[in-house]
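Written below as structure tokens is the structure these notes are about.
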Amino acid sequence: MTFHSPRLTLLLLPGLLMLTGADALTQPPKRLADRIAAVENSLLPYVPVEGLKGWSLQERMRYHGVPGVSVAVIHNYRVDWVKSYGLADTTNHRPVTNGTMFSAGSISKLVAAMAALKLVEQGKMDLETPINKYLSSWKLTDNDFTRKTPVTLRMLLSHRGGTSQSAYFGFTPDKKPLPSVVDILSGKPGTDSRAVVVNSEPSKEFRYSGGGYLVAQMAMMDVAGKDFATFTNETIFKPLGLRRTTFEQPLPPALAPYLSWAYSTNGWFKGMPYVYPQQAAAGLHTTAGDLAKIIIDLQNSYRDKGGVLNQASVKDMMTPLALVSDGFIKEQIGLGAFLLQTTNQADEASRYFNHSGSNAGFIADATGSLVNGNGLVVMMNDNNGANELGKEIRRAVAQVYGWRGFLPKPLTTCILPDSLLEAYVGRYQRSADEVVTFRRKGNLLIEKINNGNDIICVPTGRDTIAFTDYTAKAYFSRGKTGRVDSVRVEWQKTPMPRLAEGVYLPNELIRMGRIAEAMDGYRAMSLTVYQLTYMAYDFVSNRPANLPAAEGVLELAKQRYPKEGIVYARYGDLYQKQGNKTKAIAAYQTALQLDPADQDSKDKLTTLLGH
């Protein structure tokens with residue numbers, strides 16, 4: 001990460017001016033090569049900083065550990081450029097190309113909503129009719145909630161149906177046969193999910209539900225009389241000329257060679273692309289360029305310039321139905337589309353629609369402006385650091401292409417004396433096991449929470465800093481001696497006290513290898529069995545693993561909760577990681593004696609016993 005003095009002029013490519021407010025002031029560079037280079041070298045934190053040189057895309061790929069990226073930029077209702085970076089397969093050194101396919105995750109829901117609205121246009125479905133009237137292969141079970149307020153297609157497409165099952169986790173390719181949609185909706189054994197039911201009041205509030213989209217998929221299949229992949233191919237993909245986009249699961253042999261491999265540091269990840277028979281919720285495979293064409297098609301329909309859907313349908317998609325989150329950006333939900341707008345903007349030119357997706361080993365993000373024809377698709381073959389990388393790329397595109405009202409106003413650094421900046425450097429305690437560390441980097445401060453990523457902090461006045469990962473300030477306070485002794489983020493009621501030298505929190509002690517002292521700290525915190533076993537799971541599953549820490553945490557958990565099956569289940573994981581099959585079998589057997597319903601331990605035990 002390279003820093004430059006904020007008093008220096010930012011070096012920019014011809015035709016690109018630095019933002020001086022929430023709105024971009026100029027058009028992007030005229031030459032395509034300059035537009036691409038500007039994006040590639042202008043990756044930004046959440047809040048820009050005047051004079052701070054942007055990161056390069058390749059630099060941030062390395063920082064976040066993302067093997068491969070494909071980017072498609074939309075400008076003036078056209079794909080301005082598509083470019084790909086890194087590797088689709090790190091073992092075979094196969095590069096990502098513009099034809100590489102990725103798993104799009106929950107962006108599937110945006111496309112599924114388009115398919116549903118096509119049936120509405122054809123008069124085969126209605127947004128306000130109870131969904132059970134369209135379901136013949138399976139029915140949503142009636143209960144007190146549904147008898148009072150029947151679930152409709154509009155509710156399902158806007159995550160307001162009160163349906164269960166927020167997400168689906170897919171299957172490894174050796175799962176044969178794949179469960180059917182009916183099996184998954186019914187929660188049958190082998191589907192790794194519970195039955196989809198209505199367990200909260202429909203239409204009352206936003207509550208994300210992949211299960212609700214699977215109900216909508218089943219209704220579409222029943223009405224259309226076709227499997228979902230065939231229906232969407234005929235309805236959306238063929239009309240748009242998309243040759244490497246499909247809901248077919250698994251991928252057909254003709255497309256399989258184009259799929260990127262998948263990467264993740266999560267302990268549960270099996271090191272391969274997963275299969276998602278839950279198609280409308282998570283089963284779309286596509287390229288960045290193809291997905292950009294879908295975004296443009298929606299934009300064209302919105303302005304009544306032709307598209308798969310008519311203008312009224314897309315206007316319906318882009319009409320807010322419920323609040324999702326509120327902050328610098330207000331996020332609302334339409335039909336299959338999340339709607340974004342900064343809270344200080346109200347005009348249509350500053351509104352955007354978006355959907356992101358995260359499947360095992362993949363992350364993707366698709367954004368389009370409602371008007372003006374701007375947008376971006378980013379697809380990546382990693383589901384850890386890729387989330388932040390995608391946001392950084394989106395902010396770079398927003399700056400270079402002048403997306404109206406999308407970025408916060410850039411921060412201006414107040415140049416403080418060296419002695420004052422050095423006074424802020426130190427460790428501050430946010431909670432029993434959270435330490436906030438500030439170090440100096442030139443005229444800036446760098447914050448790190450526990451062992452997380454670096455966060456740039458900008459001095460905006462004496463004893464005041466602004467963060468770049470969210471729009472907030474913090475204030476340093478001094479004791480009677482004049483020494484800085486605490487810091488308080490503006491919404492905190494209680495300041496975070498400075499930690500004395502030699503005083504360490506448990507997570508710090510673990511990183512120092514002082515496991516016994518760390519366990520003394522955790523013992524004093526009275527953690528629940530789930531907090532302890534989740535921590536142990538992380539220590540076992542992280543790459544690299546920390547098995548001594550996992551053993552210490554589990555010993556504490558066993559002392560505290562000797563009759564909890566989950567403790568022994570995590571012991572089984574630890575012993576497996578250590579290569580001790582005999583102890584792992586005994587641990588899983590104990591887990592099942594204490595909790596016979598523990599299917600995960602049952603499956604692992606079956607594998608270990610070889611039957």
Side-chain angles (χ1 to χ4, degrees), residues 57-72 82-108 111 167-176 178 192 229 242-279 281-292 356-366 377-393 541-545:
L57 195 155
Q58 296 282 3
E59 168 188 4
R60 297 306 279 178
M61 285 178 66
R62 289 191 295 271
Y63 179 82
H64 291 298
V66 178
V69 179
S70 191
V71 176
V82 182
K83 191 170 178 181
S84 300
Y85 310 83
L87 297 175
D89 188 322
T90 59
T91 301
N92 297 323
H93 298 282
R94 175 165 57 97
V96 178
T97 71
N98 295 349
T100 298
M101 298 177 71
F102 296 80
S103 180
S106 288
I107 296 176
S108 306
V111 181
Y168 289 104
F169 298 101
F171 302 94
T172 51
D174 57 356
K175 175 76 172 179
K176 294 177 182 178
L178 287 173
D192 295 343
L242 308 183
R243 296 183 177 181
R244 292 191 184 174
T245 300
T246 183
F247 273 110
E248 195 167 342
Q249 292 283 338
L251 276 174
L255 292 178
Y258 300 107
L259 179 64
S260 170
W261 203 249
Y263 298 92
S264 175
T265 59
N266 289 321
W268 50 263
F269 180 64
K270 303 300 183 184
M272 63 189 74
Y274 281 38
V275 181
Y276 290 83
Q278 309 92 342
Q279 293 153 297
L284 181 68
H285 283 105
T286 187
T287 68
D290 274 8
L291 188 50
S356 58
S358 177
N359 274 352
F362 292 97
I363 278 184
D365 189 85
V377 172
V378 183
M379 307 199 81
M380 298 161 284
N381 56 3
D382 171 85
N383 71 334
N384 297 102
N387 187 42
E388 286 305 312
L389 177 63
K391 293 174 183 176
E392 292 170 2
I393 295 171
S541 303
N542 285 344
R543 301 176 187 178

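- Between the side chain of Q249 and the backbone N or O of G283, at least one donor-acceptor pair lies under 3.5 Å.
- The CE atom of M272 sits 6.5 Å away from the CG atom of D174 when rounded to the nearest 0.5 Å.
- Contact detail for D382 and P67: the closest heavy-atom pair is CB-CD, 3.9 Å.
- The shortest non-hydrogen separation linking I363 to S358 is CG1-OG, 3.8 Å.
- Looking only at side-chain heavy atoms (C-beta outward), L389 and M380 come within less than 4.5 Å of each other.
- Below 30°, between 30° and 60°, or above 60°: for F269 and Y274 the angle between ring planes is below 30°, a parallel geometry.
- Here the side chain of T286 pairs no donor or acceptor atom with the backbone of T245 at under 3.5 angstrom.
- For the pair T246/L251, a side-chain contact is recorded, criterion being any heavy-atom separation below 4.5 Å from C-beta on.
- With sequence neighbours excluded, the residues that form a side chain to side chain contact (heavy atoms under 4.5 Å, CB included) with A282 are Y276, N359.
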Stepwise side chain to side chain contact (heavy atoms under 4.5 Å, CB included) test for L255 and H285: CA-CA 10 Å; L255 292 178; H285 283 105; over 6 Å; no
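- The distance from the CD1 atom of I393 to the CG atom of L57 is 4.5 Å, given to the nearest 0.5 Å.
- D290 pairs by the salt bridge (Lys or Arg N to Asp or Glu O under 4.0 Å) definition with nothing, not counting sequence neighbours.
- Nearest heavy-atom pair across A366 and V377 is CB-CG2, 4.1 Å.
- Contact annotation: the side chain of D89 approaches that of Y263 to within less than 4.5 Å [non-hydrogen atoms, C-beta and beyond].
- In summary, the side chains of S264 and N384 do present a donor paired with an acceptor at a separation below 3.5 Å, with no hydrogens or angles considered.
- When the shell of 6.0 Å around OH of Y85 is examined, it contains more than 12 heavy atoms from other residues, nucleotides or ligands.
- Legend: residues meeting side chain to side chain contact (heavy atoms under 4.5 Å, CB included) with P95, ordered by chain and number and at least two apart, are absent.
- Contact of the D192 side chain with the F169 side chain is not registered, since no non-hydrogen atoms from C-beta on lie closer than 4.5 Å.
- Residues meeting the side chain to side chain contact (heavy atoms under 4.5 Å, CB included) test with S260, sequence neighbours left out: A88, T100, F102, F362, N381.
- Across every non-hydrogen atom of K176 and P173, the tightest pair is CE-O, 3.5 Å.
- By the salt bridge (Lys or Arg N to Asp or Glu O under 4.0 Å) test, E388 is found to be paired with K391, residues two or more places apart in sequence or in another chain being considered.
- The side chain to side chain contact (heavy atoms under 4.5 Å, CB included) check on S356 picks up D365, with sequence neighbours excluded.
- The minimum heavy-atom distance between S70 and V82, with the atom names listed, is OG-CG1, 4.4 Å.
- Summarising the geometry of P273 relative to L259, their closest heavy-atom pair is CB-CD2, 3.9 Å, with the distance given to 0.1 Å.
- In this structure, the side chains of T287 and M379 stay at 4.5 Å or more apart for every pair of heavy atoms.
- With rounding to the nearest 0.5 Å, the separation of OG1 in T97 from OH in Y258 is 9.0 Å.
- Side-chain contact between L178 and F171: present, with at least one pair of heavy atoms (C-beta onward) separated by less than 4.5 Å.
- The environment of K270 atom NZ is sparse: at most 12 non-hydrogen atoms of other residues, nucleotides or ligands sit within 6.0 angstrom.
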